[in-house]
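First up is the structure itself, then whatever we jot down about it.
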Amino acid sequence: MQESLLAYRRMRYLWAAGALAAAAILAYALHRPPEPPNGGTWLGYTLGGIAAALVLLLGAFSIRKRAYASTLGSVRGWLSAHVYLGLALLVVMTLHAGFQFGWNVHTLAYALACVVVASGIVGVWFYLRYPEQMSRNRAGETREQMLAELADLDRLCAKQAAALGGEFPDVIVSARDRAALGGSAWAILAGRDRSRVVLPGAHGGGHAQPNAGQSRLVDWLGHELAGSTDGERTRLIHELMALVNTRRGLLERLRRDAQIRGWLDAWLYVHVPATCALLAALAAHVLVVFLYW
Amino acid sequence: MNAGHHRIAIVGAGPGGLSAAAHAARLGVDHVLLEASAAHAHTIQRYQKGKHVMAEPPVLPLRADLPFEAGTRETVLERWRAGLDATGANVRYGAQVTAIAKDGAAFRLSLRDGGSVTADHVVFAIGMQGNLRQLEVPGADLPCVQYQLDDPDEYRGEVIVVVGAGDAAIENAVALAANNEVAIVNRIDEFARVKDGNLKLILKSIESGRIGCWYRSGVAAVERAEAGAARPYVLVLNTAEGEARIACDRIIARIGAIPPRRFVESCGIAFPSADPMALPALSGRYESSVPGLYVIGALGGYPLIKQAMNQGYEVVEYILGRDLRPADHPLFEEKFAKLRFGLTVDDTLALIQERIPLYREVNPLQFREFMLGSAVHRPEAGAVIFRRNDYTDSFFTIVDGTVEIEIGEENPYRLKLGPGQFFGEMSLLSGRRRSATAYASAGCVLVESPRREVLKLINSIEAVRHHIDRHFVIRAIQTAFAPNASDEELEAVAARARVNDWKPGTVIFAEGDEADTLHLIRSGSVAVSRNIGGREIVTSYVAAGNYVGEMGLMGRTRRAATVRANVATETVSLSAADFDALLARNPELRQKVQALVRKRLAENARISAQPQTGDIVSFLMQQGLGEATDVLLIDESLCIGCDNCEKACAGTHDGTSRLDREAGPTYARLHVPTSCRHCEDPHCMTDCPPDAIRRAPNGEVYIRDNCIGCGNCERNCPYGVIQMAAAEKSGPKKAVKCDMCKDLSGGPACVRACPTGAAIRVGPESLMDLVARVER
């Protein structure tokens with residue numbers, strides 16, 4: 001309902017970045033240097049200067065983001081500009097290079113900039129895509145509230161299992177203890193459920209078995225339910241089944257929440273280090289160019 | 001000269017008497033301080049344990065040889081005791097004076113133990129507490145009736161009825177309510193003449209049901225209950241609805257004190273009238289009609305501790321024949337200097353009071369106190385005094401020159417006010433933004449009084465309340481319906497208009513009712529709802545300063561919607577006939593109201609088609625937006641959860657974030673984080689002993705550095721947005737809350753730091769627009 005960062009102020013930075021890219025393309029098209037277009041012509045130097053300035057301006061976003069008392073625009077405006085000018089950088093630096101690539105520090109800087117811009121595009125896509133999903137998945141609850149609810153359900157399940165007696169308490173405890181949330185970065189991002197459960201002898205001989213989506217547990221409960229002939233016991237298992245299903249949904253939501261949060265962060269692990277590398281490569285590129293004037 | 005003779009005899013060791021004795025001792029003047037009880041400051045000794053003693057009025061400097069500042073009863077008493085010891089004052093405890101008579105050139109003071117003392121001068125500082133007013137009804141002598149409460153923790157699980165509506169009654173009732181079932185009995189239908197903090201405290205307790213209240217009720221009798229009853233006594237009340245019987249364990253009557261007039265009169269001191277509440281006639285130097293007999297403190301009409309202490313000091317100076325101005329004199333001199341009236345302070349005060357009819361019935365002492373808290377201005381011609389939509393809530397009176405009030409937005413009309421008139425009462429009473437812009441003209445002299453001071457005056461002087469209320473109604477009608485009508489033209493309509501109080505959740509009118517009145521919302525806000533498909537759906541929210549009920553009146557139909565108060569709300573209601581008269585005198589108004597009706601009908605149609613909107617409004621009302629002036633909301637469809645808003649808040653406020661982004665409810669992608677709503681009538685300000693919570697002109701409610709860390713505001717905030725935090729690790733904990741970054745030039749840091757635009761701030765004006773956007 002609020003305008004997104006792309007739509008900020010009627011996309012003023014899209015127009016600015018577009019104008020910059022268009023001007024660069026026009027100049028490149030009209031430019032007739034004696035040699036093939038490259039960074040050494042007057043246009044090459046101009047475009048290189050603009051590109052370097054853009055890199056510094058884009059990098060300044062991370063400073064502005066942390067300067068909380070700053071009155072220099074809003075962070076949102078800065079991010080909107082950051083996104084569009086980052087795209088314009090792609091055009092300007094390509095023209096600056098005059099499409100000449102090789103195995104050298106100059107092309108390294110170019111390649112790193114491409115990685116930074118590409119990861120940024122991915123980041124924007126995540127920013128536009130995930131908040132809505134995250135909000136829907138949370139359904140108005142905070143993570144703490146969901147975890148508290150999970151603890152509540154665990155208690156209720158244990159109580160119900162105790163009332164049923166027999167193998168139920170052990171199974172429920174093992175499903176609780178071996179329910180996996182989090183784990184490696186990859187597991188979180190993939191949203192993989194590595195939960196396990198230990199079922200009694202006939203159902204797997206006391207070994208921990210994969211229990212993704214609590215499906216093994218649900219199967220086992222179904223089996224017990226089918227075999228129950230005692231009305232009271234059937235009712236108790238039914239109730240336990242309902243609890244386990246609620247718990248399953250909650251675990252799913254928690255996992256999905258961690259996954260979304262993970263992706264919202266993960267791209268920065270490419271974007272930020274690549275930016276640092278880019279700044280180093282850019283410095284080397286500039287130094288080398290001026291040394292071998 | 002015999003051993004029992006002194007130059008000054010001071011009767012009563014309250015704040016005034018103690019201060020007089022200390023000053024006399026320091027000057028080496030021969031004196032004696034006679035105190036009937038066994039310890040100093042008898043009245044304060046009998047305060048509740050740990051009670052916070054206030055040092056009002058804050059601007060008045062203390063002029064005494066004893067220390068005094070706000071603190072607990074114990075600290076105050078201990079510091080006085082130590083101070084008294086240090087000055088070497090001559091105090092006689094257990095010396096109750098029973099008579100004073102002229103004995104030659106001196107006075108003879110007879111004591112209860114048979115002895116006597118003579119003195120050249122006598123200072124009466126016996127206070128008002130001496131003779132507590134007692135119940136005079138059958139059964140008042142039963143053991144369940146008491147007139148004092150020493151330690152409220154003594155009683156648990158009892159049903160206790162507190163009789164009275166003053167500060168003492170309120171404080172007792174609130175303290176007892178922690179462990180007992182408490183009801184309070186009030187003779188009239190409001191709590192007048194009490195401290196602001198106590199007023200809000202008791203109203204809140206009554207509203208929340210913690211304390212029961214019997215308004216317009218008097219005690220008829222106290223009886224023993226029949227054998228076997230759950231409670232041993234019965235309090236019989238005469239109420240407006242007839243007799244009521246309350247089974248109870250205990251009755252605490254705090255019905256004030258009678259000036260110990262008989263005793264004072266027996267000493268020859270004259271009173272100006274037979275009114276039992278009348279104060280003795282005194283000179284400007286506290287001397288009574290009997291030369292040599294002085295009266296200071298509460299008995300002379302100065303009930304505040306600091307005033308009494310200053311007078312104790314001053315009376316000794318006067319007795320010594322020295323010239324001394326009251327302690328507040330330099331404050332007034334400074335205040336009045338810019339007026340260039342060329343008058344003395346006293347003459348200026350008299351002039352202002354004479355010029356402004358509103359203040360004519362205020363007694364000069366009270367007026368002086370009121371003026372002490374007010375500011376005077378001499379604005380340039382054409383200067384803006386306040387602007388429409390400013391959040392200021394002070395009150396202005398015109399001493400000289402004229403002021404022009406610009407009413408209305410599209411076709412502004414300027415209303416001219418002259419000397420003696422007042423303005424600014426709209427925001428004063430509603431807590432909302434200014435509804436008009438005020439411009440000064442040449443030679444204009446104004447008195448600007450803070451809300452707190454004016455409310456105190458309104459609460460204690462009926463004439464002032466009545467006057468301001470009537471004006472409010474006129475101005476409200478003028479602003480809404482008749483911008484070019486004069487006050488005189490509207491006088492009759494205003495006289496017939498009624499001011500109504502609505503508790504939160506009460507129905508002001510219901511769908512299907514006959515439409516006979518129009519309501520102008522003076523404070524609070526209302527929710528408009530309609531029955532759509534058997535379900536009550538909120539269609540709109542209307543804030544103070546607007547009106548509801550016009551639709552039914554225009555069409556002469558039944559009510560098309562139900563209007564309910566969101567929070568405690570006040571409305572001014574106009575009858576259909578009066579509204580018609582207003583419409584008849586202004587053809588433009590009819591068009592304007594018709595346009596509003598069309599707009600509201602369109603809104604209704606839209607909401608009927610999208611019932612979810614109504615749910616969003618309901619949700620936001622539940623989150624306190626009905627009383628909010630500026631609230632942080634988060635659009636969850638954009639929030640990436642980076643917490644940059646919290647980091648920015650902490651980064652600009654000593655490392656403690658005043659908002660919790662994740663906490664708080666969400667509905668339809670709108671998340672209401674735990675963060676200050678900047679309520680119109682802030683709950684947190686209800687009971688702040690050092691008066692540290694203030695409202696800035698932009699509307700933000702903030703806490704000043706003089707916070708004492710008592711935590712009252714944290715408890716009083718219904719939205720949990722105040723926390724106790726220390727600026728430095730080992731520093732004292734103080735209350736912190738959102739101050740809307742009032743000290744940052746760019747506005748709230750949370751919003752400016754949000755990278756995606758998810759964090760937004762919304763006020764009552766933009767609320768419905770936002771809700772409409774959510775739908776899209």
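Numbered from 1 within each chain, the chains take letters A, B, ... in sequence-line order.
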**Request:** Give the C-alpha distance, both sets of side-chain angles, the deciding distance and a yes or no for side-chain contact (heavy atoms from CB on, under 4.5 Å) between A:Ser4 and B:Thr756.
**Result:** CA-CA 6 Å; A:Ser4 76; B:Thr756 61; over 6 Å; no
**Asked** Which one, B:Cys649, B:Ala753, B:Gly746, leads in non-hydrogen pairs under 4.5 Å with chain A?
**Response** B:Ala753
**Message:** Using heavy-atom distances under 4.5 Å, tell me whether B:Ile640 contacts chain A through its side chain, its backbone, both, or neither.
**Reply:** both
Can you list, pair by pair, the side-chain donor-acceptor contacts under 3.5 Å of residues 73-81 of chain A, counting residues two or more places apart and other chains?
from: A:Ser74; atom 1: OG; to: A:Gly77; atom 2: N; distance (Å): 3.1
from: A:Arg76; atom 1: NH2; to: A:Glu3; atom 2: O; distance (Å): 3.0
from: A:Arg76; atom 1: NH2; to: A:Glu3; atom 2: OE2; distance (Å): 3.3
from: A:Trp78; atom 1: NE1; to: A:Leu72; atom 2: O; distance (Å): 2.9
from: A:Ser80; atom 1: OG; to: A:Leu5; atom 2: O; distance (Å): 2.8

**Request:** Measure across B:Arg752 and A:Tyr68 and return the closest heavy-atom pair with its distance rounded to 0.1 Å.
**Result:** NH2-O, 3.9 Å
**Prompt:** For chain B, which residues of residues 125-148 of chain A have at least one non-hydrogen atom nearer than 4.5 Å to it?
**Reply:** A:Tyr127, A:Pro131, A:Glu132, A:Met134, A:Ser135, A:Arg138, A:Gly140, A:Thr142, A:Arg143, A:Glu144
**Prompt:** Among A:Arg66, A:Arg261, A:Lys65, who wins on heavy-atom pairs under 4.5 Å with chain B?
**Reply:** A:Lys65
**Asked** In this structure, are over 12 heavy atoms from other groups packed under 6.0 Å from B:Arg387 atom CZ?
**Response** no
**Pairs of heavy atoms under 4.5 Å with chain A: top-ranked of B:Pro665, B:Ala749, B:Cys754** = B:Cys754
